[in-house]
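Both counts, for ligands and for their atoms, begin at 1 and track the order of listing.
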Amino acid sequence: MSTIETLSRRRLMTGLAGGGLIGLGGCATAPLAKAPPALPAPYVTPYAERRPPIAPLHARMDRIFDITVCLRPFRAAGPRLDAERVGDALVVHNYGHGGSGWSLSWGSGTMAVRKAMATNPASVAVVGCGALGLTSAILAQEAGAKVTIYAKDLLPDARSARATGSWTPDSRIALADAGPQFAVLWEEMARISFKRFRRYLGLPGNPVEWSDRYFLSDPPDHDPPPPANAPAPLEFANYGERIRDITPRAELLPAGATPFPGERVRRTSSMQFNVADYSHTLMADFLAAGGRVERREFHTLSELGMLKEKVVINCPGYGARALCKDESVTPVRGQIGWLIPQPEVNYGVYYKDVSMLSRRDGIVVQALWGGDMFGFGNDQEVVDRAETERAVGVLAELYGRMTSS
Ligand SMILES: Cc1cc2nc3c(=O)[nH]c(=O)nc-3n(C[C@H](O)[C@H](O)[C@H](O)COP(=O)(O)OP(=O)(O)OC[C@H]3O[C@@H](n4cnc5c(N)ncnc54)[C@H](O)[C@@H]3O)c2cc1C
């Protein structure tokens with residue numbers, strides 16, 4: 001077994017044992033260093049108390065109705081949140097959220113808006129209409145500003161629409177050596193975001209909801225081989241322990257308790273974002289509060305200083321690499337295969353480095369061979385159908401061995 005494979009599997013398993021921030025998808029993440037203080041580890045609930053039906057997934061190639069690909073904007077030091085003068089404008093940056101942009105958006109936007117509103121401007125410009133731009137814009141409106149969003153692409157065309165949609169607030173958010181100050185900031189951002197998502201639970205269309213996730217592991221000799229040409233593994237920051245009080249624990253289920261094959265089945269619950277409905281809701285809220293949107297592409301940072309608004313929140317995501325000439329933004333390619341929705345499948349699965357999450361707008365299937373390093377440094381934003389077919393094949397093998405529920 002390679003170092004990278006060992007690292008990936010160890011991170012996953014320790015995270016599950018401790019019940020970490022695991023949401024599946026582009027964002028399989030977050031091992032926890034210690035067992036929770038008040039609970040025995042592993043934390044086991046008598047399974048008879050909660051035994052939800054587990055409907056089988058139709059893992060078939062002819063049910064793949066779309067394949068999307070996008071680049072996560074990773075920064076080793078964490079997202080850029082500083083402010084600078086550009087011409088006569090104050091530009092507050094808010095980009096570089098790796099695999100955590102949806103999850104941290106409200107907290108990160110709060111930090112940016114605090115800086116932007118320090119002088120109480122009557123109007124604010126937001127560059128970008130992805131997860132970070134739209135939430136920053138809504139927060140700036142709530143803080144009393146008239147807001148215009150300037151962006152090349154709006155959701156659902158912005159890259160954020162191609163995310164898995166899991167609560168994964170520390171997925172590829174920084175490297176482990178980002179420092180204690182960033183860890184404190186991350187915790188504040190994660191708590192702000194977590195609380196804000198409550199507003200979107202229980203709404204028509206289910207923009208945000210809770211769902212169960214199952215983590216299945218076979219004996220090590222059945223686990224997948226390491227990917228070819230994998231980059232050397234990096235140690236990503238892992239902050240799950242800091243918000244353990246608001247994060248459900250994973251439980252190890254007794255053998256035979258679920259129809260899933262495999263030696264170990266663990267279950268936890270996590271928030272998911274049904275991105276189609278959620279982004280539609282955010283856009284409608286922004287417009288209903290008087291927000292304006294203008295399609296525009298900027299080629300240099302100095303163009304931001306020429307906007308009529310003299311306070312600008314800059315949320316270009318991966319676009320910052322070109323716009324701000326910021327080479328600290330590293331691409332992490334992620335691809336999603338979309339299977340036709342099955343409303344009866346209301347859970348997610350992680351098996352052999354493939355994740356599946358059932359969303360209202362499609363069943364999201366993603367390969368994560370090599371864990372968080374999969375796609376790292378790869379800026380090829382082009383569809384690789386073979387990758388998705390291989391991932392669906394892994395799920396087909398799993399569901400082919402499933403017993404009746
Ligand atoms: C496969 C995959 C799965 C993921 N899963 C999750 C997940 O489950 N949970 C999670 O929290 N995160 C997840 N992420 C990460 C998340 O998608 C990103 O962190 C997030 O989308 C970043 O949002 P953003 O608003 O910064 O960037 P974007 O969505 O890229 O938005 C940038 C905006 O800026 C505009 N822009 C850029 N450059 C310019 C320019 N020069 N001029 C004008 N406009 C410009 C764009 O048009 C766009 O409107 C995933 C990512 C991938 C790839």
Side-chain angles (χ1 to χ4, degrees), residues 21-29 67-75 79-80 93-109 112 125-137 149-173 190 193 197 270-275 278-279 282-283 293-301 303-304 307 312-326 329 331-338 348 355 357 359 364-368 372 374-375 378 381 387:
L21 300 181
I22 296 178
L24 303 178
C27 306
T29 187
I67 301 177
T68 55
V69 62
C70 98
L71 306 177
R72 303 173 184 86
F74 171 76
R75 290 183 84 239
R80 184 167 180 203
H93 299 288
N94 186 13
Y95 66 78
H97 296 77
S100 332
W102 280 109
S103 308
L104 275 188
S105 55
W106 294 108
S108 195
V126 172
V127 172
C129 193
L132 276 301
L134 203 41
T135 50
S136 297
I149 292 178
Y150 299 89
K152 183 157 73 76
D153 297 309
L154 314 179
L155 277 168
D157 295 320
R159 286 191 172 101
S160 293
R162 294 170 238 154
T164 311
S166 269
W167 164 252
T168 53
D170 67 350
S171 169
R172 298 186 198 81
I173 193 60
S193 272
F197 284 122
S270 183
M271 260 191 304
Q272 72 178 65
F273 316 124
N274 293 306
V275 174
Y278 181 47
S279 53
L282 296 181
M283 193 61 124
V293 177
E294 197 176 311
R295 274 186 193 269
R296 185 144 158 199
E297 180 169 5
F298 301 95
H299 300 93
T300 61
L301 196 59
E303 290 173 40
L304 272 52
L307 289 168
V312 182
I313 304 177
N314 183 35
C315 312
Y318 183 72
R321 209 177 143 92
L323 181 64
C324 309
K325 301 198 182 339
D326 185 347
V329 179
V332 187
R333 181 186 177 279
Q335 176 170 298
I336 285 174
W338 296 85
S355 88
L357 179 62
R359 276 179 20 194
V364 172
V365 176
Q366 209 183 331
L368 285 160
D372 282 347
F374 191 61
N378 183 348
E381 210 168 8
E387 176 185 315

A.B. asks: Which option wins on minimum heavy-atom distance to atom 46 (C) of ligand 1: Asp153, Leu132, Val69?
C.D. replies: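 The residue whose heavy atom sits nearest atom 46 (C) of ligand 1 is Asp153.
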A.B. asks: I want to check something: taking the side chain as every heavy atom from C-beta on, are Gln366 and Thr164 in contact at a cut-off of under 4.5 Å?
C.D. replies: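 In short, these two side chains touch, coming nearer than 4.5 Å.
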A.B. asks: Ring centroids only, cut at 6.0 angstrom: are Tyr95 and Tyr318 within range, meaning strictly under it?
C.D. replies: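 Aromatic pair excluded; centres sit 6.0 Å or further apart.
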A.B. asks: What orientation do Trp102 and Phe273 show, parallel under 30°, tilted 30 to 60°, or perpendicular over 60°?
C.D. replies: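 It falls in the tilted class, 30° to 60°.
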A.B. asks: Using a strict cut-off of 4.0 Å, indicate which atoms of ligand 1 neighbour a heavy atom of Phe298.
C.D. replies: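 Atoms satisfying the 4.0 Å criterion: 40 (C), 41 (N), 42 (N), 43 (C).
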A.B. asks: Counting heavy atoms only, name the option from Cys70, Gly334, Ser136 that's nearest to atom 53 (C) of ligand 1.
C.D. replies: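 Minimum heavy-atom distance to atom 53 (C) of ligand 1 goes to Cys70.
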A.B. asks: Indicate yes or no: does an N/O atom of Ser160 lie under 3.5 Å from an N/O atom of ligand 1?
C.D. replies: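 So ligand 1 has an N or O lying under 3.5 Å from an N or O of Ser160.
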A.B. asks: Considering the heavy atoms of Cys315, write down every atom of ligand 1 situated less than 4.0 Å from one of them.
C.D. replies: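 Reading through ligand 1 atom by atom, the close ones are 32 (C), 33 (C), 34 (O).
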A.B. asks: Using a strict 4.0 Å cut-off to heavy atoms of Arg162, name the atoms of ligand 1 that fall inside it.
C.D. replies: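 Here the atoms of ligand 1 in question are 1 (C), 2 (C).
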A.B. asks: Can you find an N/O atom of Gly128 closer than 3.5 Å to an N/O atom of ligand 1?
C.D. replies: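 It does not: no N or O of Gly128 is found under 3.5 Å from an N or O of ligand 1.
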A.B. asks: Within the distance-only criterion (no hydrogens, no angle test), does the side chain of Arg172 pair as donor or acceptor with the backbone N or O of Gly99 below 3.5 angstrom?
C.D. replies: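 No, because the side chain of Arg172 does not come within donor-acceptor range (under 3.5 Å) of the backbone of Gly99.
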A.B. asks: Would you check the N or O atoms of Gly101, main chain and side chain alike, for any that come under 3.5 Å of an N or O of ligand 1?
C.D. replies: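 Such a contact does occur with ligand 1.
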A.B. asks: Taking all atoms of both residues into account, what is the closest heavy-atom pair of Leu71 and Glu381, and its distance?
C.D. replies: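 Result for this residue pair: N-OE2, 3.6 Å.
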A.B. asks: Would you say the side chain of Asn314 lies within less than 4.5 Å of the side chain of Leu301, judging by non-hydrogen atoms?
C.D. replies: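 They are in side-chain contact.
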A.B. asks: Answer yes when Glu303 and Arg296 have at least one side-chain N-carboxylate O distance shorter than 4.0 Å, and no when they do not.
C.D. replies: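 Looking at Arg296 together with Glu303, the answer is no, because their closest N to O distance does not fall below 4.0 Å.
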A.B. asks: Does ligand 1 have an atom that lies less than 4.0 angstrom from a heavy atom of Gln366?
C.D. replies: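 It does; at least one heavy atom falls under 4.0 Å.
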A.B. asks: Considering both backbone and side-chain atoms of Ser103, is one of its nitrogen or oxygen atoms within less than 3.5 Å of a nitrogen or oxygen in ligand 1?
C.D. replies: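 The answer is yes, given that Ser103 and ligand 1 share an N or O pair closer than 3.5 Å.
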A.B. asks: Just let me know how Ser100 lines up against ligand 1, side chain, backbone, both or neither, with a heavy-atom cut-off below 4.0 Å.
C.D. replies: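 The backbone, only.
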A.B. asks: Is there a polar contact, in the sense of an N or O pair closer than 3.5 Å, between Gly99 and ligand 1?
C.D. replies: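 Yes; at least one N/O pair falls below 3.5 Å.
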A.B. asks: Can you list the atoms of ligand 1 that are under 4.0 Å from a heavy atom of Cys129?
C.D. replies: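 Atoms satisfying the 4.0 Å criterion: 33 (C), 48 (C), 49 (O).
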A.B. asks: Less than 4.0 Å is my threshold; does some heavy atom of Gly98 fall inside it relative to ligand 1?
C.D. replies: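 Flag set, Gly98 near ligand 1.
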A.B. asks: If you count the atoms of ligand 1 from 1 in the order shown, which ones are under 4.0 Å from a heavy atom of Gly165?
C.D. replies: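 Counting atoms of ligand 1 from 1, those under 4.0 Å from Gly165 are 7 (C), 8 (O).
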A.B. asks: Can an N or O of Gln335 be found at a distance shorter than 3.5 Å from an N or O of ligand 1?
C.D. replies: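 Not met; the criterion fails.
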A.B. asks: Should you measure from each heavy atom of Gly317, which atoms of ligand 1 turn up under 4.0 Å away?
C.D. replies: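 Contacts of ligand 1 toward Gly317, numbered from 1: 26 (O), 27 (O), 32 (C).
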A.B. asks: I'd like to know if Arg75 and Asp326 make a salt bridge, using a cut-off of under 4.0 Å between side-chain N and carboxylate O.
C.D. replies: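 A salt bridge links Arg75 with Asp326.
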A.B. asks: Out of Pro316, Ser105, Gly319, Ala163, whose heavy atom sits nearest atom 36 (N) of ligand 1?
C.D. replies: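 Looking at heavy atoms only, Pro316 sits closest to atom 36 (N) of ligand 1.
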A.B. asks: Out of Ser166, Gly96, Ala322, Ser108, who gets a non-hydrogen atom closest to atom 9 (N) of ligand 1?
C.D. replies: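 It is Ser166 whose heavy atom sits nearest to atom 9 (N) of ligand 1.
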A.B. asks: Please could you name the atoms of ligand 1 that Trp102 approaches to less than 4.0 Å, counting only its heavy atoms?
C.D. replies: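 Under 4.0 Å from Trp102, ligand 1 has these atoms: 10 (C), 11 (O), 12 (N).
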A.B. asks: Would you say the side-chain atoms of Ser279 pair up with the backbone N or O of Val275, donor to acceptor, closer than 3.5 Å?
C.D. replies: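 Checked: pair present.
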A.B. asks: So between Thr164, Leu368, Asn314, whose heavy atom ends up nearest atom 5 (N) of ligand 1?
C.D. replies: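 The nearest heavy atom belongs to Thr164.
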A.B. asks: Go through ligand 1 atom by atom and flag the ones less than 4.0 Å from a non-hydrogen atom of Arg296.
C.D. replies: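 This gives 42 (N), 43 (C), 44 (N) as the contact atoms.
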